[in-house]
Amino acid sequence: MIKSMTLELRPRLQICNAFIHLNKKVNLTAVKVKLSKENIEITIENKTVIFLMKFIKLIPDSLSALDVTKNWICFRAQIMSDPLLGSFKTQIITNLTFNTNLLKDSIKNIELFNTGKCHIMCTFCKNILSRDIYIKRILPVPDINYDPSEWFCCKHNHSSTNMYNLIPLESDIFYGSFFFIIHASLFNHNLKVDENVVICSRCLHYLGKIHTDNSFKLWSCSVDYNSLSNSTIKNATDPFNDFLLAIKTSMTGIFGEEIILQYFEGKDSHSLTIKPMDWHLNLMIEPKDILCNNIVTLQRASVVKVLYKYETNKNTPDSVNKTYCEVSFLVIKAGLEHLLTSTKRFPQVYRTAIDYNVGYICLDNFINNT
Ligand SMILES: [Zn+2]
Ligand SMILES: [Zn+2]
């Protein structure tokens, strides 16, 4: 009977907003909502579902703004202040940046790498794309907003003009949060270059792009590394994890910021613009495996509520609150799918704001890739 149940908790206002998606249309007269301290009871015709809540307590009979439209039930309820969700005072001091986690993730990303001999393979068809590579150095590249004067340099003679290009030697792998930069001469004919895009010649998946004249930037979610020294394979990363990393690396926490994930392919560009509205929103949602039972224990999920928009070939004027981040198309696709699924938690009228969609990003949803 229930497709999804979403409670948006607003502890500072001491209210929660409920959006219940049913699998059939109902009439207001057939619906009964009863609020108790620890559960919400929904009766439709003669069937009752009880939603149990562990982390919040409702004020009984505080129901307001009940709206039953088509297959949606929406309402508002008052909640008691709860130390677990933070009182008015602690709510404000929650950590706005995720840098410590981010660092751990980057380390996790790279620790499987060994210096030594390896092959690079297409993750989609396992085509071997490189000759035997002998890696001596594995170095992080600074993030997009780095100060060139604070960065180390490699062993080249740099003229002042290409000072800021990061050029790997044949024995180097440079890595960022979701890409690698590798010398172009290390690859064989299984890797094709078309305009500025790097493609697997067998399965035609896009793997990366030309970085400089003699280096490629490959997306971590597109290539596997096969270590020949100890015959282990480091698999390509999960595109959705890379989406979360892209958000975490780009976010500034500044009010009004926009994160723009971009992908370029020849003359075409794809962009996913994300405007965070609420960095720390707690939800209570249905568990993964429901919903035939009539007693459902709601799970807590910590999300970022965002406005988002997917566009192609759009040039947007630059501004101080915009952060651009170039990613693989797979990363944009994975992120967009996550967002579109989240948008389905709202009834139609709440799904858009001007020309943006409304959605959630579950930042904690980090899959361990190892
Ligand atoms: Zn250099
Ligand atoms: Zn392939």
Side-chain angles (χ1 to χ4, degrees), residues 1-22 26-45 47-94 96 255 276-287 290-291 293-307 342-353 358-364:
M1 154 164 115
I2 309 274
K3 266 191 182 170
S4 73
M5 158 63 148
T6 311
L7 275 185
E8 259 187 18
L9 308 182
R10 303 283 180 186
R12 276 199 242 180
L13 304 169
Q14 286 186 272
I15 58 156
C16 66
N17 297 312
F19 307 102
I20 302 172
H21 192 188
L22 308 167
V26 289
N27 283 323
L28 178 60
T29 48
V31 175
K32 229 180 87 188
V33 180
K34 185 168 178 270
L35 304 182
S36 313
K37 216 171 167 185
E38 276 154 5
N39 65 58
I40 297 172
E41 212 180 289
I42 310 278
T43 307
I44 300 164
E45 284 143 16
K47 283 187 190 158
T48 301
V49 180
I50 297 171
F51 295 101
L52 298 176
M53 293 165 296
K54 277 187 187 156
F55 300 101
I56 55 165
K57 288 198 170 42
L58 297 175
I59 296 175
D61 306 316
S62 64
L63 183 88
S64 64
L66 177 66
D67 177 31
V68 179
T69 309
K70 291 181 184 170
N71 51 346
W72 288 92
I73 302 173
C74 306
F75 58 86
R76 176 170 294 174
Q78 286 178 38
I79 52 180
M80 296 176 188
S81 69
D82 188 323
L84 267 174
L85 284 171
S87 67
F88 301 106
K89 282 169 203 139
T90 56
Q91 186 67 23
I92 303 158
I93 335 172
T94 43
L96 247 185
F255 181 76
M277 296 197 292
D278 196 337
W279 277 113
H280 294 279
L281 179 64
N282 282 303
L283 305 180
M284 301 288 292
I285 57 171
E286 79 285 348
I290 37 160
L291 284 156
N293 214 325
N294 39 353
I295 297 177
V296 177
T297 306
L298 296 179
Q299 318 276 302
R300 194 163 143 192
S302 179
V303 297
V304 181
K305 191 167 187 178
V306 299
L307 298 175
S342 75
T343 300
K344 291 185 187 147
R345 290 194 166 274
F346 303 107
Q348 211 67 44
V349 285
Y350 295 101
R351 285 185 187 176
T352 50
V358 182
Y360 301 123
I361 301 173
C362 202
L363 280 181
D364 296 336

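Side chains included, hydrogens not; waters and symmetry mates left out as well; all remaining heavy atoms used.
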Do you know which two heavy atoms are closest between [X] and [Y], and how far apart they sit?
X    : Y    : value
R345 : F19  : O-CB, 3.5 Å
S302 : C362 : O-SG, 3.9 Å
L63  : L35  : N-CD1, 3.5 Å
Q78  : S62  : N-OG, 2.9 Å
T297 : K54  : CG2-CE, 4.1 Å
M1   : T48  : CE-C, 4.5 Å

*Is a side-chain donor or acceptor of E286 paired with a backbone partner of M5 at a separation under 3.5 angstrom?*
yes
*Judged by atom type as modelled, is there a donor-acceptor pair below 3.5 Å linking the side chain of T343 to the main-chain atoms of V358?*
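Checked: pair present.
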Measuring from atom [atom1] of [X] to atom [atom2] of [Y], what distance do you get when rounded to the nearest 0.5 angstrom?
X    : Y    : atom1 : atom2 : result
I285 : S4   : CD1   : OG    : 9.0 Å
L9   : Q14  : CG    : CD    : 12.0 Å
L52  : S36  : CG    : OG    : 10.0 Å
K3   : I20  : NZ    : CD1   : 14.5 Å
C16  : N282 : SG    : CG    : 12.0 Å
I79  : I15  : CD1   : CD1   : 8.0 Å

*Which class fits the ring pair F346 and Y360: parallel under 30°, tilted 30 to 60°, perpendicular over 60°?*
tilted
Could you tell me if the side chain of [Y] sits less than 4.5 Å from the side chain of [X], heavy atoms only?
X    : Y    : answer
N17  : R76  : yes
L7   : I56  : yes
K305 : E8   : yes
N39  : I295 : no
L298 : I40  : no
F75  : V31  : no
N294 : K47  : no
D278 : R10  : yes

*For I2 and L22, run side-chain contact (heavy atoms from CB on, under 4.5 Å): C-alpha distance rounded to whole Å, both residues' side-chain angles, the deciding distance at 0.1 Å, then the answer.*
CA-CA 5 Å; I2 309 274; L22 308 167; 3.7 Å; yes
_Regarding D67 and T69, do their side chains bring together a donor and an acceptor under 3.5 Å, going by distance alone?_
yes
